[in-house]
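Below: the structure, in structure tokens.
Hydrogens, waters and symmetry mates play no part in the numbers below; they use all other heavy atoms, side chains included. Atoms within each ligand, like the ligands themselves, are counted from 1 in listed order.
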Amino acid sequence: SLSKEHGNLKYSDILPQNAEGFPATKEFLMKVVDILLDYIKTQSDRNSKVLEFHHPNEMLRLLDLEIPDTGVTLQQLLVDCSTTLKYQVKTGHPHFFNQLSCGLDLVSMAGEWLTATANTNMFTYEIAPVFILMEHVVLQKMREIIGWPNGAGDSILAPGGSISNLYAFLAARHKMFPQYKERGLAAVGGQLVMFTSDQCHYSVRSCASVGGLGTDNCVMVPSDERGRMIPQRLEELILERKAKGHIPFFVNASAGTTVIGAFDPIQEIADICQKYNCWLHVDAAWGGGLLLSRKYRHPRLTGIERADSVTWNPHKLMGALLQCSTIHFKEDGLLISCNQMSAEYLFMTDKLYDVKYDTGDKVIQCGRHNDIFKLWLQWRAKGSEGFEKHMDRLMELTEYMVRRIKQMPDKYYLILEPELVNCCFWYLPTRLRNVPHTADRERALGEICPILKNRMMESGTLMVGYQPDDRRPNFFRNIISSAAVTEADVDFLLAEMDRLGHDL
Ligand SMILES: O=C(O)c1cc(=O)cc(C(=O)O)o1
């Protein structure tokens, strides 16, 4: 806690209100850092809990979230910080496998601390010169890695993969119908239709509703038993829509689907897009990290350089802190011509520097958070080699988990061989072992998922996600995307699920 002389101070006693307040400011901030360091230390301790679960009403009672008329003391603020983290789910804990984004990269976090302190907007070079240039360098590097010569093209960071996918949709429509910007639907003169696999991220479908096509005109292309889009079905469906006078203009290929981690066959899909003059977008929000691995990039991402646009989220496999999503375009100039509104109070063209570095007019957002420094600093720390090692390690740990599951066929049923770090399986409680794997058993196994998940959260020792998909009842989907995870943690996961669930 704060020293006696500072404990009862209030926010008005520290900078910036009190110009003499640096000593108190420093002590307060250092105490906050101590709280953060304690949290980091605890969550890296495997004997600590991943979470202390409480239902919302109970949680409200445990917390004091009341908004006061009179501000509280600095000491109370420190208590508030500690209480907040006490009940937060430790997403950096080695036994947190629940989302695509797991883990806490500490260099990226340091970057986020600096980002917060710099507290700037990313719409102009004028107020974010260093960060804008970092975006320039990092995004060009990512376009080179995608496979566009010398990193040609253009990119921007967006607030998540869903918005990145939407920017691709908007640019694709603008490319085909530049008049749409001014004249709207009248400029199209027909029903636009887009195509994606039935395994795609739901944000692709939402492009159809947000973008005015209507989800009826977002055709869900069937996928095979591995969850990959079937190219022949794509072509059939394009022809079917053309026969109705519709205008196919956009195809999304998923590179790493959310649930099972499947990769659509980009090459064949690109051939079809070429044949029917459709924009090819690759949603590699999840699988894009494998572009950094010589061992795993091919065949999963072969042909990605043929895409017109690529979504790639460093906050997923690369472990940059949330959020960090990038959208890349092969053709430079499209983004700005699509979204530019030339607001003269921000994007003055008579500035004394090259205004091409002003990014605000490229997007529909205006204000844009600085999501680049935490990635740039992390990349400086790891080097591309370090990222490659990270990708290979995550894939190897997943392969290890598959091997261990296959060694326990009485306890675990592997649903399919992973192509990414999504390991999908059913846990078999004692009563459901050694019985034929029928639809009835699948239903029974699906029913225990929420109960077993609840036991995990009540015990606080583990978090593994579950969900149904379009062809199965609930099943567990384990994600290894945290640099903290080791083989021992995989062994713990498999033993703990059995400890918690054997009698279900
Ligand atoms: O960025 C993430 O962690 C993320 C994004 C999703 O859309 C879905 C999921 C998920 O299903 O875990 O995670």
Side-chain angles (χ1 to χ4, degrees), residues 50-51 88-105 108-109 112 157-169 196-207 209-210 227 252-264 281-290 310-327 369 371 374-375 378 390-391 394 398 401 415-416 418-425 449-450 453 456-457 462-470 472 474-485 493:
V50 176
L51 78 158
Q88 167 52 22
V89 174
K90 313 283 183 295
T91 58
H93 192 295
H95 299 159
F96 178 84
F97 300 94
N98 208 65
Q99 305 307 146
L100 301 186
S101 305
C102 301
L104 180 65
D105 181 292
S108 190
M109 185 190 73
E112 196 71 307
L157 287 105
S162 302
I163 303 302
S164 288
N165 288 337
L166 180 62
Y167 283 148
F169 171 95
T196 187
S197 91
D198 57 16
Q199 300 298 308
C200 75
H201 190 264
Y202 71 89
S203 61
V204 177
R205 275 169 54 78
S206 65
C207 289
S209 68
V210 167
N252 171 64
S254 301
T257 59
T258 306
V259 175
I260 59 178
F263 288 81
D264 288 343
H281 175 60
V282 177
D283 178 1
W286 177 218
L290 288 194
V310 176
T311 294
W312 175 1
N313 288 7
H315 76 227
K316 289 190 167 72
L317 272 184
M318 295 168 74
L321 260 57
L322 289 163
Q323 67 199 31
C324 187
S325 176
T326 65
I327 171 69
H369 185 262
D371 289 338
K374 64 192 164 191
L375 173 60
Q378 190 193 15
H390 177 57
M391 295 304 134
L394 297 177
T398 306
M401 179 164 180
I415 290 174
L416 76 167
E419 287 196 71
L420 192 44
V421 298
N422 310 42
C423 184
C424 297
F425 62 90
C449 290
K453 178 61 178 285
M456 288 184 211
M457 294 178 75
L462 180 64
M463 279 185 82
V464 178
Y466 74 84
Q467 71 294 299
D469 68 4
D470 56 329
R472 301 171 192 91
N474 286 332
F475 55 95
F476 286 104
R477 174 205 69 171
N478 193 72
I479 300 293
I480 301 178
S481 69
S482 161
V485 173
L493 183 168

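- Between Phe97 and His95, the two ring planes are parallel [angle under 30°; tilted spans 30° to 60°].
- Judged by distance alone, the side chain of Glu419 and the main-chain N or O of Ile260 form no donor-acceptor pair under 3.5 Å.
- Contact of the Leu462 side chain with the Val50 side chain is not registered, since no non-hydrogen atoms from C-beta on lie closer than 4.5 Å.
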Polar pairs, ligand 1 vs protein, N/O only, below 3.5 Å.
unit_1	atom_1	unit_2	atom_2	d
ligand 1	1 (O)	Ser101	OG	3.1
ligand 1	1 (O)	His315	NE2	3.2
ligand 1	1 (O)	Lys316	NZ	3.2
ligand 1	3 (O)	Ser101	N	2.9
ligand 1	3 (O)	Ser101	OG	2.9
ligand 1	7 (O)	His201	NE2	2.7
ligand 1	11 (O)	Arg477	NH1	2.9
ligand 1	11 (O)	Arg477	NH2	3.3
ligand 1	12 (O)	Gln99	NE2	2.7
ligand 1	12 (O)	Leu100	N	3.0
ligand 1	12 (O)	Arg477	NH2	2.8

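- Remark: Arg205 is not positioned above the aromatic ring of Tyr202, lacking an NZ or CZ atom under 6.0 angstrom from the ring centre and at most 45 degrees off the axis.
- In this structure, the side chains of Asp371 and Gln323 come closer than 4.5 Å at one or more pairs of heavy atoms.
- Side-chain atoms of Ser108 do not come within 3.5 Å of backbone N or O of Asp105 as any donor-acceptor pair.
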